[in-house]
There are 2 protein chains.
Amino acid sequence: MICNSYKSFFKILADDCKLNVINLLSKGPLTVSELCKKLGCEQSRISHCLQALKKFGFVASQVRGKHRIYSLEPKIMIPLLKLIDEHVEKYHRNLCNCKGVRWREMK
Amino acid sequence: MICNSYKSFFKILADDCKLNVINLLSKGPLTVSELCKKLGCEQSRISHCLQALKKFGFVASQVRGKHRIYSLEPKIMIPLLKLIDEHVEKYHRNLCNCKGVRWREMK
DNA sequence: ACAACATATGATTCTAGCTTCATATGATAT
DNA sequence: ATATCATATGAAGCTAGAATCATATGTTGT
């Protein structure tokens with residue numbers, strides 16, 4: 001455990017919008033505008049999220065024409081999501097302190 | 001990915017105090033007052049952190065006399081910390097956006 | 001070169017949740 | 001039973017960082 005790298009690691013991911021982006025990218029690469037459309041939210045918001053996720057190595061991007069295609073970094077994200085899924089299954093009741101809010105429904 | 005369990009998962013852990021607690025507990029079980037002394041901070045603060053960590057299954061507790069001994073839940077914490085260590089090693093520069101702040105030095 | 005589309009970045013406002021203070025609960029010993 | 005130590009809980013204020021708005025940069029086609 002070094003410095004506050006750990007805090008940054010978790011802080012970046014503790015966010016509805018970034019997690020929604022990750023959820024979508026887990027099914028395959030997408031451009032910024034595709035993410036906007038699918039999540040029904042502003043382009044700048046998505047871009048801010050993507051910049052953070054990229055800076056900290058959770059996603060990668062690649063230019064294709066005037067689009068920029070984003071994808072998950074599988075090395076970290078696949079085992080991480082698997083680990084959390086297992087934990088969440090056990091502590092769902094507690095972890096899911098959502099008041100009627102469901103996955104993908106951001107406010 | 002279900003509901004906002006994921007967000008809760010990360011949000012809980014994205015905190016200096018809780019991470020310091022986890023860091024200490026990773027070396028062995030401790031009581032609340034021992035944690036307070038080692039981290040040089042208030043009892044209520046530590047207790048609040050411990051309650052959250054416990055609720056979400058990151059630590060367990062056991063009564064011993066008038067003390068309460070806390071320990072990490074190894075099933076989730078050991079692989080989680082290992083995974084992050086590997087990632088942090090790679091993205092340390094970015095993740096560690098600390099301005100002179102070092103591990104265990106909370107403000 | 002310019003227009004149109006796609007994405008990134010800066011700055012400000014706003015809000016979730018951490019810290020703190022005060023108090024409650026629980027356990028032991030005398 | 002009461003005093004003391006150990007821990008938990010409630011409520012309120014404060015602060016980091018997300019959302020938003022405005023604008024800049026980048027790319028392609030004509």
Side-chain angles (χ1 to χ4, degrees), chain A residues 4 6-22 25 29-56 58-71 94-95 97-99 101 105-107, chain B residues 4 6-22 25 29-56 58-71 94-95 97-99 101 105-107:
Chain A
N4 42 17
Y6 269 68
K7 188 173 78 171
S8 301
F9 184 99
F10 291 117
K11 209 155 240 172
I12 295 303
L13 297 172
D15 175 63
D16 274 325
C17 192
K18 298 199 192 82
L19 288 172
N20 277 292
V21 166
I22 287 170
L25 293 183
L30 291 169
T31 67
V32 177
S33 44
E34 287 171 330
L35 285 166
C36 290
K37 192 171 279 180
K38 294 205 183 215
L39 291 172
C41 71
E42 269 198 315
Q43 176 265 319
S44 70
R45 190 177 171 191
I46 298 292
S47 273
H48 278 298
C49 288
L50 287 168
Q51 293 332 297
L53 290 172
K54 189 180 180 188
K55 182 178 177 195
F56 296 112
F58 298 114
V59 306
S61 75
Q62 141 190 41
V63 181
R64 176 94 63 111
K66 41 183 169 174
H67 294 267
R68 189 171 280 263
I69 300 170
Y70 283 86
S71 54
N94 295 332
L95 282 164
N97 58 350
C98 50
K99 304 122 188 165
V101 184
E105 293 176 338
M106 299 187 296
K107 59 174 181 181
Chain B
N4 42 17
Y6 269 69
K7 189 173 76 172
S8 301
F9 184 99
F10 291 117
K11 210 157 241 172
I12 296 301
L13 297 171
D15 175 62
D16 274 325
C17 192
K18 299 201 191 81
L19 288 173
N20 278 291
V21 165
I22 287 170
L25 292 183
L30 290 170
T31 67
V32 178
S33 44
E34 286 170 332
L35 285 166
C36 290
K37 192 171 278 181
K38 294 205 183 214
L39 290 172
C41 69
E42 270 199 312
Q43 176 266 318
S44 71
R45 190 177 173 192
I46 299 292
S47 273
H48 278 299
C49 288
L50 287 168
Q51 295 329 299
L53 290 173
K54 190 180 179 188
K55 182 178 177 196
F56 296 111
F58 298 115
V59 306
S61 75
Q62 142 191 40
V63 180
R64 176 94 63 111
K66 41 184 171 178
H67 294 266
R68 191 171 278 265
I69 300 170
Y70 283 87
S71 54
N94 294 333
L95 283 164
N97 57 349
C98 49
K99 303 120 185 168
V101 184
E105 294 176 336
M106 298 187 295
K107 59 173 178 182

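Reckoned from all heavy atoms, side chains included, excluding hydrogens, waters and symmetry mates. Chain identifiers are assigned alphabetically (A, B, ...) following the order of the sequence lines, protein sequences preceding nucleic acid strands; residue numbering begins at 1 within each chain.
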In whole Å, what is the span from the [atom1] atom of [X] to the [atom2] atom of [N]?
X	N	atom1	atom2	value
Lys37(A)	dC5(C)	NZ	C1'	13 Å
Lys55(B)	dG17(C)	NZ	P	11 Å
Phe10(A)	dA16(D)	CZ	C1'	18 Å
Ile12(A)	dA16(D)	CD1	P	15 Å
Leu53(A)	dG17(D)	CG	C1'	14 Å
Arg64(A)	dT27(D)	CZ	C1'	15 Å
Glu42(A)	dT12(C)	CD	C1'	14 Å

ask   = With nearest nucleotides of DNA chain D determined for Asp15(A) and Gly65(A) from heavy-atom distances, which residue corresponds to the more 5′ nucleotide?
value = Asp15(A)
inquiry  = With heavy-atom distances below 4.5 Å as the criterion, would you say the side chains of Ile22(A) and Tyr6(B) are in contact?
reply    = no
key: Cys17(A) and its side chain to side chain contact (heavy atoms under 4.5 Å, CB included) partner, picked from Arg45(A), Glu42(A), His48(A)   = Arg45(A)
inquiry  = I need the Leu25(B) CG to Leu50(B) CG distance, nearest 0.5 Å.
reply    = 7.0 Å
Donor-acceptor pairs under 3.5 angstrom involving side-chain atoms of residues 29-36 of chain B: please list them, not counting sequence neighbours.
unit_1	atom_1	unit_2	atom_2	d
Thr31(B)	OG1	Ser33(B)	OG	3.3
Thr31(B)	OG1	Glu34(B)	N	3.2
Thr31(B)	OG1	Glu34(B)	OE1	3.4
Glu34(B)	OE1	Thr31(B)	N	2.8

Under 4.0 Å protein heavy-atom contacts per nucleotide of nucleotides 1-10 of chain D, with B for base, S for backbone only and - for none = ----BSBBBB
Using residues 58-70 of chain A as the side-chain source, report each donor-acceptor pair under 3.5 Å to any protein atom, sequence neighbours left out, with the distance given to one decimal.
unit_1	atom_1	unit_2	atom_2	d
Ser61(A)	OG	Lys54(A)	NZ	2.9
Ser61(A)	OG	Arg68(A)	NH1	3.4
Tyr70(A)	OH	Gln51(A)	NE2	3.4

query = Looking at Lys11(B), does any N or O in its side chain come under 4.0 Å of the phosphate oxygens OP1/OP2 on dC18(C)?
reply = no
key: Angle of first-five versus last-five pair axes in the helix from dA1(C)-dT30(D) to dT30(C)-dA1(D), to 10 degrees   = 30°
